[in-house]
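Here is the structure we will look at, set down as structure tokens.
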Amino acid sequence: VQLQASGGGLVQAGGSLRLSCAASGLASTTYGMGWFRQAPGKEREFVAGITWSGGFLDYADSVKGRFTTSRDNAKNTVYLQMNSLKPEDTAVYYCAATYARITTLWNEYQYWGQGTQVTVSS
């Protein structure tokens, strides 16, 4: 199983980025995907989650209204559109997959991508 996250970079406050996570090797498309982030010196935190059908979405309060997650099962790819970025969004962003229901708990996810750095300058 491989999750390949991409799309990170340096952006000014108020800008936008779109992260992608391409999945391969999973037994089926019936997996939930989560996005997490970890800033230096801080714990990994839940950002967003999406069920395999895309019918249920969940977001951390800190990103509601600014971030949107979606998926294209034909491409086995999940996206995180990040708008109105703030310096406090600076972190390494990870995508993760679970065959169970999506959850905000990082240890409930079985597979992880390598992370992509997002840096928001003020």
Side-chain angles (χ1 to χ4, degrees):
V1 175
Q2 187 174 20
L3 301 179
Q4 184 70 38
S6 62
L10 174 64
V11 64
Q12 288 188 329
S16 298
L17 284 173
R18 188 176 82 155
L19 305 184
S20 299
C21 178
S24 61
L26 288 163
S28 72
T29 58
T30 58
Y31 54 89
M33 291 294 292
W35 289 96
F36 292 78
R37 66 186 181 187
Q38 189 165 18
K42 295 187 177 181
E43 294 188 353
R44 189 170 301 187
E45 64 173 354
F46 173 80
V47 175
I50 184 169
T51 55
W52 71 271
S53 68
F56 178 75
L57 310 174
D58 194 15
Y59 296 95
D61 288 342
S62 59
V63 306
K64 281 181 180 176
R66 300 188 297 123
F67 290 11
T68 302
T69 187
S70 61
R71 65 189 296 164
D72 183 340
N73 286 340
K75 297 181 178 179
N76 286 334
T77 301
V78 179
Y79 305 97
L80 182 67
Q81 178 66 43
M82 305 185 295
N83 298 328
S84 302
L85 282 161
K86 304 175 181 180
E88 51 264 43
D89 294 319
T90 296
V92 177
Y93 283 71
Y94 299 89
C95 58
T98 178
Y99 284 115
R101 63 181 179 87
I102 61 169
T103 169
T104 61
L105 303 176
W106 64 267
N107 57 357
E108 296 288 326
Y109 290 77
Q110 293 83 47
Y111 305 103
W112 287 83
Q114 83 287 2
T116 184
Q117 176 71 46
V118 171
T119 303
V120 184
S121 63
S122 58

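Worth saying up front: this structure is predicted, and the values here are computed from it rather than measured. Index from 1, following the sequence.
- In this structure, the separation between CD1 on I102 and OH on Y31 is 13.5 Å, given to the nearest 0.5 Å.
- Of the possible donor and acceptor atoms, one in the side chain of N73 sits under 3.5 Å from a partner among the backbone N and O of W52.
- L19 and V11 fall within a single hydrophobic cluster, where Ile, Leu, Val, Met, Phe, Trp and Tyr are joined by side-chain heavy atoms under 4.5 Å apart, directly or via other members.
- From Q2, atom CD reaches atom CG of L26 across 10.5 Å, with rounding to the nearest 0.5 Å.
- Of all heavy-atom pairs spanning Y94 and Q38, the tightest one is CE1-CB, 4.3 Å.
- Contacts of T77 classified as side chain to side chain donor-acceptor pair (under 3.5 Å), with partners at least two apart in sequence or in another chain: none.
- The two residues R101 and T98 come nearest to each other via the heavy atoms O-CG2, 4.0 Å.
- Qualifying side chain to side chain donor-acceptor pair (under 3.5 Å) partners for E88, counting only residues two or more places apart in sequence or in other chains: none.
- The salt bridge (charged side-chain N to carboxylate O under 4.0 Å, His left out) search around D89 returns R37, R66, not counting sequence neighbours.
- Rounding to the nearest 0.5 Å gives a distance of 8.0 Å between OG1 of T68 and CG of L80.
- Expressed to the nearest 0.5 Å, how far OH of Y111 lies from OG of S24 amounts to 11.5 Å.
- The hydrophobic clustering, which links ILVMFWY residues whose side-chain heavy atoms are closer than 4.5 Å, places Y59 and F56 apart.
- Annotation: disulfide bond (SG atoms under 2.5 Å apart) contacts involving residues 33-68, sequence neighbours excluded, are absent.
- Considering only residues two or more places apart in sequence or on other chains, E108 meets the salt bridge (charged side-chain N to carboxylate O under 4.0 Å, His left out) condition with none of them.
- Checking S6 against Q4 by side-chain atom types alone, no donor-acceptor pair falls below 3.5 Å.
- For F46, the ring-ring contact (aromatic ring centres under 6.0 Å, His included) test picks out F36, with sequence neighbours left out.
- Clustering of Ile, Leu, Val, Met, Phe, Trp and Tyr side chains at separations under 4.5 Å leaves L10 isolated, with no partner residue.
- Interatomic distance, S122 OG to K86 NZ, rounded to the nearest 0.5 Å: 14.0 Å.
- Residues T69 and G49 approach most closely at CG2-O, 3.8 Å, considering heavy atoms.
- S84 meets the side chain to side chain donor-acceptor pair (under 3.5 Å) test with no other residue; sequence neighbours excluded.
- Judged by distance alone, the side chain of Y109 and the main-chain N or O of A100 form no donor-acceptor pair under 3.5 Å.
- Applying the salt bridge (charged side-chain N to carboxylate O under 4.0 Å, His left out) criterion to R44, with sequence neighbours excluded, gives no partner residue.
- Residue Y79 comes nearest to D72 through the heavy atom pair CE1-CB, 4.1 Å, listed as atom of the first residue, atom of the second, then distance.
- Under the disulfide bond (SG atoms under 2.5 Å apart) criterion, the residue pairs touching residues 71-122 are C21-C95, with sequence neighbours excluded.
- Atom CG of N76 is separated from atom CZ of R71 by 8.0 Å, given to the nearest 0.5 angstrom.
- Nearest approach of A91 to A39, heavy atoms of both residues: CB-N, 3.8 Å.
- Side-chain contacts under 4.5 Å among hydrophobic residues (ILVMFWY), followed directly or transitively, place L105 with no other residue at all.
- Annotation for M82 and Y93: closest pair SD-CE2, 3.9 Å, computed over non-hydrogen atoms.
- A search for salt bridge (charged side-chain N to carboxylate O under 4.0 Å, His left out) contacts involving K64 returns D61, not counting sequence neighbours.
- W112 CH2: more than 12 foreign heavy atoms inside a 6.0 Å radius.
- By the rule that hydrophobic residues join a cluster once side-chain heavy atoms approach within less than 4.5 Å of another member, V1 and W106 end up as members of separate clusters.
- T116 contributes no side-chain N or O that, together with a main-chain N or O of A5, makes up a donor-acceptor pair within less than 3.5 Å.
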